[in-house]
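Here's the structure we're looking at; comments come further down.
Chain letters run A, B, ... following the sequence lines, proteins first, then strands; residues in each count from 1.
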Protein chains: 2
Amino acid sequence: MTLAQVFSALGDPIRLKLFTLIARDPSQEVCACSFVDELQRSQPTISHHLKILREAALITGTKRGTWVWYSVNTEALSEVREFLS
Amino acid sequence: MTLAQVFSALGDPIRLKLFTLIARDPSQEVCACSFVDELQRSQPTISHHLKILREAALITGTKRGTWVWYSVNTEALSEVREFLS
DNA sequence: TTGCTATATTGACAGTTATCAATATAACAC
DNA sequence: GTGTTATATTGATAACTGTCAATATAGCAA
């Protein structure tokens with residue numbers, strides 16, 4: 001939850017892509033399997049990165065059925081923007 | 001110079017403190033020795049972190065005499081802010 | 001030149017991290 | 001119940017990173 005933790009979470013290329021994919025389409029269903037194809041990483045690796053983004057409070061995931069819907073946490077984003085200004 | 005590189009540079013607690021110290025007082029002379037005292041790290045470690053911030057284009061250092069003056073690169077900052085909005 | 005000081009680089013090492021294979025868990029359909 | 005699918009966790013390993021001691025470089029002063 002620290003600011004360094006947030007920056008560190010975004011500091012990995014795979015996680016930055018994950019974050020932008022989620023941020024770009026917050027209304028749609030996103031499942032890890034699509035990320036696997038898109039980012040060329042194994043399912044456990046994607047799951048690992050999603051966890052780090054979650055722990056940094058950058059995204060939230062809610063499970064509906066077997067799928068998980070992800071969306072960005074806009075509050076965390078504004079905090080970071082505020083720091084940078 | 002990638003966005004991930006910028007976030008990664010800010011993702012370390014020591015570097016985040018270095019960056020805020022420089023950003024908070026951009027007009028003043030800053031020398032690594034003061035950072036050594038302030039951040040409780042050895043001079044080579046501070047120098048190493050400053051290099052990473054420089055390579056991420058977050059700060060620029062100009063040498064005048066034996067001291068180095070550091071200031072933040074405002075262009076890089078706006079780029080990051082733009083990404084987050 | 002010699003000496004002093006601020007910063008950078010090198011080398012080594014411990015701790016961390018990104019990755020995948022294997023396995024586990026959870027939720028659905030039958 | 002069984003079977004299937006989506007996601008999470010565990011364990012192992014290679015690669016990376018933060019750190020300091022030692023050394024090098026650069027600039028000033030005498």
Side-chain angles (χ1 to χ4, degrees), chain A residues 1-22 25-26 28-73, chain B residues 1-22 25-26 28-73:
Chain A
M1 283 84 171
T2 69
L3 195 55
Q5 194 181 351
V6 172
F7 284 127
S8 182
L10 293 174
D12 178 84
I14 299 293
R15 285 196 294 269
L16 191 56
K17 285 177 191 166
L18 273 175
F19 180 77
T20 54
L21 283 173
I22 295 168
D25 212 349
Q28 284 235 345
E29 159 188 356
V30 282
C31 70
C33 59
S34 74
F35 293 145
V36 168
D37 289 344
E38 198 137 14
L39 301 180
Q40 305 268 58
R41 291 295 184 285
S42 71
Q43 179 269 321
T45 296
I46 297 294
S47 185
H48 166 69
H49 286 308
L50 287 171
K51 185 178 186 179
I52 291 178
L53 288 171
R54 262 187 277 119
E55 286 174 348
L58 280 165
I59 62 174
T60 57
T62 55
K63 195 167 189 173
R64 283 204 285 267
T66 47
W67 288 270
V68 178
W69 277 254
Y70 282 103
S71 58
V72 301
N73 181 0
Chain B
M1 283 82 172
T2 69
L3 196 55
Q5 194 180 350
V6 171
F7 284 127
S8 183
L10 293 173
D12 178 83
I14 299 293
R15 285 197 293 271
L16 192 56
K17 285 178 191 164
L18 274 174
F19 180 77
T20 54
L21 283 172
I22 294 169
D25 211 348
Q28 283 232 348
E29 159 189 356
V30 281
C31 70
C33 60
S34 73
F35 293 144
V36 168
D37 289 345
E38 199 137 14
L39 301 181
Q40 305 268 59
R41 291 295 184 284
S42 72
Q43 179 270 322
T45 295
I46 296 294
S47 185
H48 167 68
H49 286 308
L50 287 170
K51 185 178 186 179
I52 290 178
L53 287 171
R54 262 188 277 119
E55 286 174 346
L58 281 165
I59 62 174
T60 56
T62 54
K63 194 167 193 174
R64 282 202 285 268
T66 47
W67 288 270
V68 178
W69 277 254
Y70 282 103
S71 58
V72 300
N73 182 359

Review point. For nucleotides 23-30 of chain C, read 5' to 3', which letter fits each nucleotide if B means a protein heavy atom sits under 4.0 Å from the base, S means only the sugar-phosphate is that close, and - means neither?
Key: ---SBS--
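- What separates CG of Leu50(B) from C1' of dT19(D) is a distance of 15 Å, to the nearest Å.
- Here the closest heavy-atom approach between residue Val36(A) and residue Arg41(A) is recorded as CG1-O, 3.2 Å.
- dT17(D) atom P lies 15 Å from atom CG of Leu10(B), rounded to whole Å.
- Residues Arg15(A) and His49(A) share a closest heavy-atom pair of NH1-ND1, 3.0 Å.
- Under the 4.5 Å side-chain criterion, counting only non-hydrogen atoms from C-beta, Ile22(B) is in contact with Leu50(B).
- Judged by distance alone, with hydrogens and angles left aside, the side-chain atoms of Thr20(A) form a donor-acceptor pair with the main-chain N or O of Leu16(A) at under 3.5 Å.
- The shortest distance between the side-chain N/O atoms of His49(A) and the OP1/OP2 oxygens of dT19(C) is below 4.0 Å.
- Comparing dA8(C), dT19(C), dA6(C) by their nearest atom to the side chain of Arg41(A) picks out dT19(C).
- Inter-residue side-chain proximity for Phe35(B) and Ile14(B) is flagged as unmet; no heavy-atom pair is nearer than 4.5 Å.
- Side-chain contact between Lys17(B) and Glu38(B) is absent, with no heavy-atom pair separated by less than 4.5 Å.
- Between dT9(D) and Lys51(A), a contact under 4.0 Å exists linking OP1 or OP2 to a side-chain N or O.
- Between the P atom of dC16(D) and the CD atom of Gln5(B) lies a distance of 14 Å, rounded to the nearest Å.
- Listed candidates were dT7(D), dG18(D), dC20(C). Nearest to the side chain of Thr45(A) is dC20(C).
- Per the geometry, CG belonging to Asp37(B) stands 12 Å off P belonging to dT7(C), to the nearest Å.
- If you measure from atom CD1 of Ile52(B) to atom C1' of dT19(D), you get 12 Å, rounded to the nearest angstrom.
- Separating the CG atom of Leu18(A) from the C1' atom of dA18(C) is a distance of 13 Å, rounded to the nearest angstrom.
- Nucleotide dT17(D) holds its C1' atom 19 Å from the CZ atom of Phe7(A), rounded to whole Å.
- The side chain of Ile14(B) lies closest to dT19(D), out of dC20(D), dT7(C), dT19(D).
- Put simply, NE2 on His48(B) is 12 Å from C1' on dA8(C), counting in whole angstrom units.
- Between Ser8(A) and Asp12(B) the shortest side-chain heavy-atom distance does not fall below 4.5 Å.
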